[in-house]
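We count ligands from 1, going down the list as the structure has it; atoms in each ligand are counted the same way.
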Amino acid sequence: MEKEIVVIDCDPGIDDAYALLYALADKNLDVRLVSTVSGNVNVDVNTKNAQRIVKMANKNIPIVKGATRPLVKAAHYAEHVHGKNGMNNYIYKNDEMAELLEISVLKAYYQVISKAEKPVIIAAIGPLTNIAKLLLTYPDIKNKIKYLTIMGGGLKGGNTTIAAEFNFYADPEAAKIVLESGLPIIMAGLDVTEKTIVSQKLLEDLKALNPIGEFLYDILDPKSSYMQIDKGSLHDVVALMAINNLDIFSFENLDVYVETNEGLTRGMSVADRRMNSKNGKVKVLVDVDIKRFNQELINKIKSYK
Ligand code: BDR
Ligand code: CA
């Protein structure tokens, strides 16, 4: 399998931590940049989490801090789900952090993507603020993007409001720009991600593997609010796993639109499912083989010492 070049935009975030540690263990993913964005918690807080996680994985990957707020409205956080520090109030065992780049997120993206020897996959698992700004600021970059794989939206309804999923609700204007960019997209929305509910067995299996597995257990222990409120789905992992394991999922090819108007449906994702409209640009994941999903996660986490 040829290695894919990937950049990851995230807001860690419990399931972001799972997704990062999963992706960084995949030898077929060449992760060239990790960026952060205002999302689950304030971007200063989630950037520190990203730095700690990359260090834990013992990887030398540049990290860059991204948008401090959404494009239009004030920031909307999910501290009640992820804890004040974004990690279920986990206390880190040491102060080790990977280094932070001193340049802007857009420059970092432009440099990494334009210098890459082949088109790059952008994996976006937080609000889409950075990615929307990138596409607006450097439209030529589109030629070097193979596709985007995003955790966001859901055709079945929301988890933050009746209609909207958290990442799309947090920055609907950005989600609209990205979804309507014409770029090929894999959309790991709630239709599939809510099917990746964490079992007690999965948690115990992870814990038994190694210190990284213990960390993953601790940030998502069965008593955490994440498990209560969100029923503990591993949303963000889906977007990363789909890159090299699309056969674990089933999908529909649809065009997806995002509502930005005020009211009940702000941030809602809507797909055209009328007759003759099923050849859209977005691969909307709708189902998962949960046994294979869990096994694939375990296999990757097992590779840490
Ligand atoms: C998404 O929202 C965040 O809370 C999670 O990290 C995930 O990216 C799920 O709706
Ligand atoms: Ca996230």
Where does ligand 1 get N/O contacts under 3.5 Å from the protein, atom by atom?
unit_1: ligand 1; atom_1: 4 (O); unit_2: N40; atom_2: OD1; d: 2.6
unit_1: ligand 1; atom_1: 4 (O); unit_2: H82; atom_2: NE2; d: 2.9
unit_1: ligand 1; atom_1: 6 (O); unit_2: D15; atom_2: OD1; d: 2.6
unit_1: ligand 1; atom_1: 6 (O); unit_2: D15; atom_2: OD2; d: 3.3
unit_1: ligand 1; atom_1: 6 (O); unit_2: D16; atom_2: OD1; d: 3.0
unit_1: ligand 1; atom_1: 6 (O); unit_2: N40; atom_2: ND2; d: 3.0
unit_1: ligand 1; atom_1: 6 (O); unit_2: D236; atom_2: OD2; d: 3.2
unit_1: ligand 1; atom_1: 8 (O); unit_2: I125; atom_2: O; d: 3.1
unit_1: ligand 1; atom_1: 8 (O); unit_2: N167; atom_2: ND2; d: 3.0
unit_1: ligand 1; atom_1: 8 (O); unit_2: D236; atom_2: OD1; d: 2.6
unit_1: ligand 1; atom_1: 8 (O); unit_2: D236; atom_2: OD2; d: 3.2
unit_1: ligand 1; atom_1: 10 (O); unit_2: N159; atom_2: ND2; d: 2.9
unit_1: ligand 1; atom_1: 10 (O); unit_2: E165; atom_2: OE2; d: 2.5

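- Here V72 is tied into one hydrophobic group with L71, L136, I177, each link being a pair of ILVMFWY side chains closer than 4.5 Å.
- Applying the 6.0 Å contact sphere to CG of L264 captures no more than 12 heavy atoms from other residues, nucleotides or ligands.
- Among the candidates D287, I290, D289, the single residue satisfying the side chain to side chain contact (heavy atoms under 4.5 Å, CB included) test with K195 is D287.
- Within a 6.0 Å sphere centred on CG of D44, heavy atoms belonging to other residues, nucleotides or ligands number more than 12.
- Note: Y138 and Y110 have parallel aromatic rings, judged against thresholds of 30 and 60 degrees for the angle between ring planes.
- Of the angles at the Ca ion (ligand 2), the one spanning OD1 of D11 and OD2 of D236 is 140° when given to 10°.
- Around the Ca ion (ligand 2), the two atoms O of I125 and OD1 of D16 are separated by an angle of 130°, to 10 degrees.
- Inclusion of G126 in the first shell of the Ca ion (ligand 2) is not supported: no N, O or S atom falls under 3.0 Å.
- Atom NZ of K118 is surrounded by more than 12 heavy atoms from other residues, nucleotides or ligands within 6.0 Å.
- The number of heavy atoms from other shown groups lying within 6.0 Å of CD (E99) does not exceed 12.
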